[in-house]
Amino acid sequence: MNDVYTSFMTSATVPVPCACTSIKKLSRVLGRVYDAALADSPMNVTQLAVLRCVGRRTGEPLMHVAQELEMDRSSLYRALDPMVRDGWVKITSGIDARSRTAVITPKGDRILKKAGQQWEKVQTRVVERFGLREWAAFVANVEKLRACAEAE
């Protein structure tokens, strides 16, 4: 490991490495690993996450999907555009003129099931290598870090 990871302070006051950079680097590595595992599927891991969230929030405003995924609405809409184009998702009007909802189409459901099976394999492999207890602690610590970052 790099020396920056073995020494957590560059000075008496500033902890390193940078929390944001560390998580972004991990996200890129995991994204590559999960996308490779989904290579037989037409979707990537980001699309899988969005499609699963749409499925959990069917009939709800897309704003709720964006909030759950910690995305802004314009990024969510950009992520949904190719899924709408390819017939995986249908966007419909919501409860008012400004809100829209999404539903997974039968085609999207078939693709989601196949990708979900591939995701389960890579998720199991990664977590088992990491350790189940360590995984549970990591998830809790990521949530704690998120809360600390958002605290005023």
Side-chain angles (χ1 to χ4, degrees), residues 2 4-5 16-152:
N2 190 318
V4 83
Y5 289 102
V16 293
C18 171
C20 183
T21 300
S22 296
I23 295 296
K24 283 186 178 243
K25 286 169 59 176
L26 176 60
S27 177
R28 287 189 290 271
V29 169
L30 289 172
R32 284 192 301 267
V33 169
Y34 280 67
D35 283 346
L38 295 172
D40 291 340
S41 165
M43 72 174 58
N44 62 39
V45 71
T46 301
Q47 291 171 317
L48 176 66
V50 170
L51 206 54
R52 283 182 164 174
C53 191
V54 165
R56 285 190 300 274
R57 297 192 169 272
T58 296
E60 293 183 34
L62 284 173
M63 177 182 67
H64 294 174
V65 173
Q67 288 170 341
E68 181 177 327
L69 294 172
E70 297 288 346
M71 298 174 83
D72 60 73
R73 283 189 298 192
S74 62
S75 295
L76 175 63
Y77 293 142
R78 280 193 305 276
L80 283 168
D81 282 344
M83 292 186 256
V84 171
R85 179 197 66 221
D86 295 341
W88 305 350
V89 172
K90 183 178 178 193
I91 305 292
T92 59
S93 296
I95 55 175
D96 60 43
R98 292 187 55 208
S99 70
R100 300 190 294 173
T101 64
V103 293
I104 300 173
T105 66
K107 179 180 181 180
D109 193 49
R110 285 190 303 276
I111 291 168
L112 181 59
K113 280 182 176 48
K114 181 179 180 184
Q117 292 168 348
Q118 295 165 329
W119 175 88
E120 287 174 7
K121 290 176 187 174
V122 69
Q123 174 73 0
T124 300
R125 187 183 80 231
V126 168
V127 171
E128 285 180 351
R129 285 180 182 169
F130 190 69
L132 294 174
R133 196 169 328 161
E134 291 84 353
W135 175 245
F138 176 77
V139 170
N141 282 321
V142 166
E143 178 56 27
K144 181 178 178 183
L145 179 61
R146 184 203 58 76
C148 291
E150 290 182 332
E152 294 194 24

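Only heavy atoms go into these numbers, but all of them, side chains included; no hydrogens, no water, no symmetry mates.
- The distance from atom NZ of Lys25 to atom CD1 of Ile23, rounded to the nearest 0.5 Å, is 11.0 Å.
- Of all non-hydrogen atoms in Ile104 and Leu51, the two that sit nearest each other are CD1-O, 3.3 Å.
- Residues Ile111 and Pro42 share a closest heavy-atom pair of CG2-CG, 3.7 Å.
- By the side-chain contact (heavy atoms from CB on, under 4.5 Å) test, Leu26 is found to be paired with Leu30, Phe138, residues two or more places apart in sequence or in another chain being considered.
- Taking each heavy atom of Asp35 and Val45 in turn, the nearest pair found is OD1-N, 2.8 Å.
- The side chain to side chain donor-acceptor pair (under 3.5 Å) search around Ser93 returns none, not counting sequence neighbours.
- With sequence neighbours excluded, no residue satisfies side-chain contact (heavy atoms from CB on, under 4.5 Å) with Lys121.
- With contacts defined as side-chain heavy-atom distances shorter than 4.5 Å, the pair Arg85/Pro82 qualifies.
- Here the CZ-CG distance, from Arg146 to Asn141, works out to 13.5 Å after rounding to the nearest 0.5 Å.
- Within the structure, side-chain hydrogen bond (donor to acceptor under 3.5 Å, both in side chains) contacts touching residues 57-69 (residues at least two apart or in different chains) are Arg56-Glu68, Arg57-Glu60, Arg57-Glu68, Glu60-His64.
- In plain terms, the two heavy atoms of Leu48 and Ala115 that are nearest each other are CD1-CB, 4.1 Å.
- In terms of heavy-atom proximity, Asn44 sits nearest to Leu38 at C-CD1, 3.7 Å.
- If you take CG on Asp40 and CD on Gln117, they are separated by 11.5 Å, rounding to the nearest 0.5 Å.
- Using a 4.5 Å heavy-atom cutoff, the side chains of Val29 and Arg32 are in contact.
- Listed by chain and number, the residues in a side-chain contact (heavy atoms from CB on, under 4.5 Å) with Ser75 are Met71, Asp72, Arg78 (sequence neighbours excluded).
- Using a 4.5 Å cut-off on side-chain heavy atoms (C-beta onward), Val65 and Leu80 make no contact.
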* Trp88 and Leu112: side-chain contact (heavy atoms from CB on, under 4.5 Å), yes or no, with the steps? -> CA-CA 9 Å; Trp88 305 350; Leu112 181 59; over 6 Å; no
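- Arg73 is linked by a side-chain contact (heavy atoms from CB on, under 4.5 Å) to Met63, Ala66, Tyr77, Arg98, counting only residues two or more places apart in sequence or in another chain.
- Taking 4.5 Å as the limit, every side-chain heavy atom of Arg110 sits out of range of all side-chain heavy atoms of Lys114.
- The neighbour count for Arg133 CZ, taken as heavy atoms of other residues, nucleotides or ligands under 6.0 Å away, does not exceed 12.
- Screening Met83, Lys107, Gln47 against Val89 for a side-chain contact (heavy atoms from CB on, under 4.5 Å) leaves a single residue, Met83.
- Taking both residues in full, the closest heavy atoms of Lys90 and Thr105 are given as N-CG2, 4.0 Å, listed atom of the first, atom of the second, then distance.
- In terms of modelled atom types and a separation under 3.5 Å, the side chain of Thr124 and the main chain of Glu120 share a donor-acceptor contact.
- By the 4.5 Å heavy-atom criterion applied to side chains, Met43 and Trp119 are not counted as neighbours.
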